Amino acid sequence: MAGSKQNSRALKFYSDVLGLEHLHYGIDEPQDKFTLDNLKTAQDRYQQAIIDLLPPSPADKPVRVLDVGCGTGELSKALKARGYEVEGLSPDINHVESYAEKVGQPFYQCVFEDFAPEKLYDAVIMSESCQYIALDKLFPVLDQCLTKTGIWVVVDYFVLDGVSGTMAKSGHTYTEFQRAVSDSRMSMDFDRDITEATLKTLDFGRSLVERGELALTMLKQRIEQRSWALSKVVNFILWLARKEIKKLDENRILIDSEAFRKAKTYRLMRFIRS
């Protein structure tokens with residue numbers, strides 16, 4: 001429940017403070033400047049890149065899509081507007097209401113490993129959700145979801161060989177993922193490396209953190225100048241939160257674009273039945 005509450009606060013920060021509807025990286029163009037508006041455009045470009053990999057959805061026979069890790073429902077909303085018959089899946093309880101309001105389509109609150117499909121889908125999309133699914137359990141469920149001509153779209157980052165430490169904790173190892181695919185009934189028919197195009201998203205996140213730290217430092221200095229007693233209270237609170245602060249500092253590398261470039265590969269891929 002604590003993680004759910006934290007995610008809810010993150011959703012509100014993204015939407016209410018930053019005005020961002022998407023919770024994923026963006027695809028930047030080299031000439032794009034480092035601004036919030038350009039981040040929104042980059043995220044829209046990321047979403048469109050996924051849609052472009054799907055077959056057209058004719059009005060007389062809509063393409064049925066399962067959006068795994070659907071988040072706030074923005075991708076599903078865009079697919080519905082384009083005539084796709086889309087359904088969402090996410091284990092997060094905070095996404096239930098959001099998906100109902102934005103999309104109004106069937107929603108499954110569960111992890112993909114526990115999903116028992118009652119119908120077949122023409123396409124399954126995993127946008128930054130594949131990394132959370134155990135590879136040995138992913139493909140059996142995927143096989144149950146897809147039609148004989150179904151496609152699987154994956155857009156996610158993977159850990160490169162030889163990487164260890166904090167940067168190795170999120171994302172499947174790319175070679176292990178490739179090995180799991182080769183042992184499955186799926187084969188790749190599209191692969192685009194978008195690593196470089198996603199780095200500005202990390203730079204934006206780092207900028208937010210640094211601005212927040214600067215604001216807190218200035219506030220602390222002002223309190224110390226004006227009130228000795230209140231300064232003692234602030235220092236005591238910081239002491240109580242020392243473990244959390246240390247953990248945040250250790251995880252700073254996660255929003256370091258140069259470290260990401262060396263440790264990860266971000267791929268936009270499509271797979272078909274072998």
Side-chain angles (χ1 to χ4, degrees), residues 11 14-15 19-29 39-92 94-110 112 115-130 133 138 141-156 185-192 194 197-198 266-274:
L11 290 174
Y14 267 77
S15 60
L20 298 172
E21 295 295 341
H22 304 288
L23 299 180
H24 54 67
Y25 286 60
I27 295 179
D28 284 286
E29 298 291 349
L39 174 58
K40 295 177 182 178
T41 301
Q43 289 184 325
D44 289 338
R45 190 180 294 125
Y46 176 108
Q47 177 175 272
Q48 188 58 48
I50 295 173
I51 297 174
D52 289 343
L53 293 181
L54 299 176
S57 186
D60 59 333
K61 191 179 180 182
V63 172
R64 183 174 289 170
V65 179
L66 178 65
D67 184 3
V68 178
C70 56
T72 61
E74 281 299 309
L75 175 58
S76 290
K77 179 182 175 182
L79 290 171
K80 180 182 177 182
R82 290 164 172 78
Y84 291 89
E85 187 178 310
V86 62
E87 298 180 357
L89 183 151
S90 171
D92 196 323
N94 294 295
H95 295 160
V96 177
E97 184 177 350
S98 175
Y99 199 86
E101 291 177 355
K102 287 186 178 182
V103 190
Q105 292 292 98
F107 176 90
Y108 306 97
Q109 188 200 345
C110 66
F112 185 70
F115 183 52
E118 297 179 354
K119 62 191 75 172
L120 295 177
Y121 299 90
D122 302 299
V124 172
I125 299 174
M126 293 183 183
S127 172
E128 290 185 8
S129 58
C130 180
I133 306 171
L138 188 157
V141 180
L142 181 65
D143 196 50
Q144 296 176 41
C145 289
L146 288 172
T147 64
K148 292 182 179 180
T149 57
I151 66 169
W152 176 40
V153 176
V154 178
V155 52
D156 214 330
R185 298 177 62 187
M186 308 301 295
S187 61
M188 180 186 293
D189 82 328
F190 181 89
D191 180 25
R192 177 186 172 191
I194 59 172
T198 62
Y266 206 126
R267 322 295 297 198
L268 173 64
M269 301 175 286
R270 180 176 61 196
F271 302 86
I272 59 174
R273 290 276 191 175
S274 298

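Residue numbers run from 1 in the order of the sequence given. Note that the structure is predicted; figures quoted are calculated from it, not measured.
- Annotation: the span from Tyr108 atom OH to Cys70 atom SG amounts to 11.5 Å, rounded to 0.5 Å.
- A side-chain donor-acceptor contact under 3.5 Å links Ser98 to the backbone of Thr72.
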Starting from the C-alpha separation in whole Å, work towards a yes-or-no answer on side chain to side chain contact (heavy atoms under 4.5 Å, CB included) for Met126 and Leu138.
CA-CA 11 Å; Met126 293 183 183; Leu138 188 157; 4.2 Å; yes
Could you walk me through whether Glu97 and Glu101 pass the side chain to side chain contact (heavy atoms under 4.5 Å, CB included) test, one step at a time?
CA-CA 6 Å; Glu97 184 177 350; Glu101 291 177 355; 3.3 Å; yes
May I have the list of side-chain donor-acceptor pairs in residues 115-123 shorter than 3.5 Å, sequence neighbours left out?
from: Lys119; atom 1: NZ; to: Glu87; atom 2: OE2; distance (Å): 2.6
from: Tyr121; atom 1: OH; to: Glu87; atom 2: OE1; distance (Å): 2.7
from: Asp122; atom 1: OD2; to: Arg64; atom 2: N; distance (Å): 2.7

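- By the 4.5 Å heavy-atom criterion applied to side chains, Val153 and Leu54 are counted as neighbours.
- Under the side chain to side chain contact (heavy atoms under 4.5 Å, CB included) criterion, Ser57 pairs with Pro62, Val63, Tyr84, sequence neighbours left out.
- With Tyr99 contributing its side chain and Gly71 its backbone, the two residues share no donor-acceptor pair below 3.5 Å.
- Taken from CG in Leu142 to CG in Leu66, the straight-line distance is 9.5 Å, to the nearest 0.5 Å.
- Annotation for Ser129 and Asp156: closest pair N-OD2, 3.5 Å, computed over non-hydrogen atoms.
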Exercise for review: Test Asp44 against Gln48 for side chain to side chain donor-acceptor pair (under 3.5 Å), laying out the working first.
Suggested key: CA-CA 6 Å; Asp44 289 338; Gln48 188 58 48; over 6 Å; no
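- A pairwise comparison of heavy atoms in Ala42 and Asp28 identifies CB-OD1, 3.5 Å as the closest pair.
- Between atom CH2 of residue Trp152 and atom OG of residue Ser187 there is a gap of 11.5 Å, rounded to the nearest 0.5 Å.
- When all heavy atoms of Val154 and Cys130 are compared, the closest pair comes out as CG1-CB, 4.0 Å.
- Residues Leu146 and Val124 form a side-chain contact, since some pair of their non-hydrogen atoms from C-beta on lies under 4.5 Å apart.
- A donor-acceptor pair is defined here as one N or O able to donate and one able to accept, closer than 3.5 Å; no such pair exists between the side chain of Lys77 and the backbone of Lys102.
- For the pair Val155 and Tyr266, the minimum side-chain heavy-atom distance is below 4.5 Å.
- Here the closest non-hydrogen pair linking Val96 and Gln109 is CG2-OE1, 3.9 Å.
- The shortest non-hydrogen separation linking Val86 to Pro106 is O-CD, 4.4 Å.
- A salt bridge links Asp143 with Arg273: the closest approach of a Lys/Arg side-chain nitrogen to an acidic carboxylate oxygen falls below 4.0 angstrom.
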Quiz item: Given the rule in the side chain to side chain contact (heavy atoms under 4.5 Å, CB included) test, do Ser90 and Phe107 qualify, once you have shown the distances and angles that lead to the verdict?
Solution: CA-CA 8 Å; Ser90 171; Phe107 176 90; 3.8 Å; yes
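- For the pair Glu128 (side chain) and Tyr25 (backbone), a donor-acceptor distance under 3.5 Å is present.
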For Lys80 and Leu75, what are the C-alpha separation, side-chain angles and deciding distance, and is it a side chain to side chain contact (heavy atoms under 4.5 Å, CB included)? CA-CA 9 Å; Lys80 180 182 177 182; Leu75 175 58; over 6 Å; no
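- To the nearest 0.5 Å, atoms CG (Leu268) and CZ (Phe190) are separated by 5.0 Å.
- Take Asp191 and apply the side chain to side chain contact (heavy atoms under 4.5 Å, CB included) test, not counting sequence neighbours, and it matches Tyr174, Met188, Arg267, Met269.
- The two residues Arg270 and Ile151 make their nearest non-hydrogen contact at CD-CD1, 3.9 Å.
- Looking at Ile125 and Val68, their side chains never come closer than 4.5 Å, going by heavy atoms from C-beta outward.
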